[in-house]
There are 2 protein chains.
Amino acid sequence: MSIYMEKNRRTKQSIQKSFMRILENKSFESITIGDITKTAKINRGTFYLHYKDKFDLLDQIEQQLFADLGNHIDELQSRYSSIHTLKKEQEQLAAKLFNFIEMQSPILKIFLSDHGRAGFHIRFRDAFSEKVHYNLQKNESFIANLKVPMEYFLSFITSAFLGLIEQWVRNGLDKTPHEMTAIYIDIIFFIQNNLEPMPTSNANTVKDLL
Amino acid sequence: MSIYMEKNRRTKQSIQKSFMRILENKSFESITIGDITKTAKINRGTFYLHYKDKFDLLDQIEQQLFADLGNHIDELQSRYSSIHTLKKEQEQLAAKLFNFIEMQSPILKIFLSDHGRAGFHIRFRDAFSEKVHYNLQKNESFIANLKVPMEYFLSFITSAFLGLIEQWVRNGLDKTPHEMTAIYIDIIFFIQNNLEPMPTSNANTVKDLL
DNA sequence: TAACCACTAAACAATATGTTGAAAATTGAG
DNA sequence: CTCAATTTTCAACATATTGTTTAGTGGTTA
């Protein structure tokens with residue numbers, strides 16, 4: 001029994017691996033089942049024993065990625081609860097998240113590019129956003145201070161963070177996770193320090209940008 | 001001569017219109033040339049007289065959208081130069097940008113969804129980012145104060161802004177452009193007021209989120 | 001009138017799809 | 001070792017889509 005499962009698993013893995021390899025040079029749209037099975041050196045019919053179609057294949061890879069992301073964030077946040085008073089620790093947590101992205105960067109680089117599937121960035125952001133939202137809800141003083149609808153705040157902040165990630169991945173990971181954390185914090189501070197606090201000011205401000 | 005051009009233009013427009021209508025109910029990937037020409041009630045061969053393939057069709061619609069966006073931002077920024085000292089005017093400018101998004105929301109809603117084409121959000125952000133970058137470069141004091149690489153700052157701020165737009169469009173434009181401007185400014189102020197300015201602080205801060 | 005242009009209609013080879021049925025290879029249990 | 005179960009292979013199938021082509025229609029221009 002277990003050897004059958006093992007064999008089944010190996011074939012699925014082979015299909016996924018071949019699929020991802022092809023995806024580096026060819027867009028999802030233009031990839032055929034034949035491309036995949038030729039690369040994986042299996043019969044075309046075998047593919048259909050494991051997946052309904054190529055969308056099903058991509059879905060399963062996506063689901064795995066989101067599950068991994070969720071677990072990683074959960075782990076970070078449980079650790080965060082006990083030591084959330086230290087800035088150093090916060091930086092470590094952000095760095096760990098960038099570290100996760102670094103680990104998954106081969107997949108993310110493809111999925112976020114035009115070789116991937118439409119809407120991935122939204123599904124990715126939603127998965128991320130859900131975790132952040134869950135954590136924010138525990139913080140009563142935060143909720144009390146927030147004047148704008150939560151979903152808009154979440155869209156803003158998670159998109160900003162994922163924007164950094166996208167740029168990082170696109171740049172071929174030209175920074176360490178630690179450096180990325182510093183950039184993230186620097187930008188937040190920059191927005192803080194370059195905003196005009198009073199409506200009558202006319203200094204160069206972040207709001208001037210948009 | 002001009003009647004030929006007019007007929008040509010009408011047919012192209014009919015193709016684009018049919019294409020966008022189908023795109024509301026069917027993903028770009030699954031749409032066939034036959035779907036488009038049946039809806040537009042033209043011969044399938046006629047499609048190929050106007051477009052190389054369906055990617056070319058989408059490209060041209062995208063290019064038009066980006067050109068419109070660029071022109072709109074340019075117009076805003078030229079007006080901005082003369083009156084950039086007043087907060088009210090800044091809000092008006094942001095509102096005008098949200099207004100443009102509102103106008104284009106039928107297209108954006110589709111292109112940003114999973115019915116669109118992979119990588120659209122990146123191309124859209126790049127088009128937006130280029131305009132913001134161009135404007136920022138003129139501001140010497142801004143450049144001098146910025147410690148992080150420009151491309152990362154641009155990714156952060158444009159992604160955040162487009163995150164708001166995505167949420168807004170997804171919500172079926174549940175706010176007015178004016179309200180969206182208020183939300184944008186409120187979030188910036190919220191980040192400003194809820195950030196810990198000193199590394200030793202332990203209050204609930206925005207950096208706690210990530 | 002004659003050349004021109006946008007479009008139609010129908011056919012074409014080539015390729016991909018998803019499914020099927022029979023057989024081969026591998027593994028498990030007796 | 002043998003037989004049954006399981007996974008995969010192989011080849012064939014109808015169907016659909018692609019991009020191209022060739023011939024022809026009707027209106028336009030010069």
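Lettering follows sequence order; numbering is per chain, from 1.
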| request: Indicate yes or no for a side-chain donor-acceptor contact from Asp56(B) to the backbone of Asp53(B) under 3.5 Å, with no hydrogens or angles considered. | output: no
| query | Does a salt bridge link Lys54(B) with Asp35(B), judged by any charged N lying under 4.0 Å from a carboxylate O? | reply | no
| Once you round it to whole Å, what is the distance between P of dG26(D) and NZ of Lys7(B)? | 12 Å
| note | Whole-Å distance, Arg10(A) CZ to dT27(C) P, equals 11 Å
| Under 3.5 Å, is there a donor-acceptor pair between the side chain of Thr37(B) and the main chain of Gly34(B)? | yes
| task | Classify the ring geometry between Phe55(B) and Phe28(B) as parallel (under 30°), tilted (30 to 60°) or perpendicular (over 60°). | result | perpendicular
| Heavy atom of residues 11-38 of chain A under 4.0 Å from DNA chain D: which residues? | Thr11(A)
| field | salt_bridge(Arg123(A), Asp59(A)) N-O dist < 4.0 Å | value | no
| task | Measure the shortest side-chain to side-chain distance between Ile61(B) and Met20(B) over non-hydrogen atoms and say whether it is less than 4.5 angstrom. | result | yes
| Close residues, residues 42-60 of chain B, relative to DNA chain D [heavy-atom separation under 4.0 Å] | Arg44(B), Tyr48(B), Asp53(B)
| message | Quick check: closest heavy atoms across Ala118(A) and Ser113(B), and the distance to 0.1 Å? | response | CB-O, 4.1 Å
| request: Kindly give the heavy-atom pair with the smallest separation between Gly163(A) and Arg125(B), and that separation in Å. | output: CA-NH1, 3.8 Å
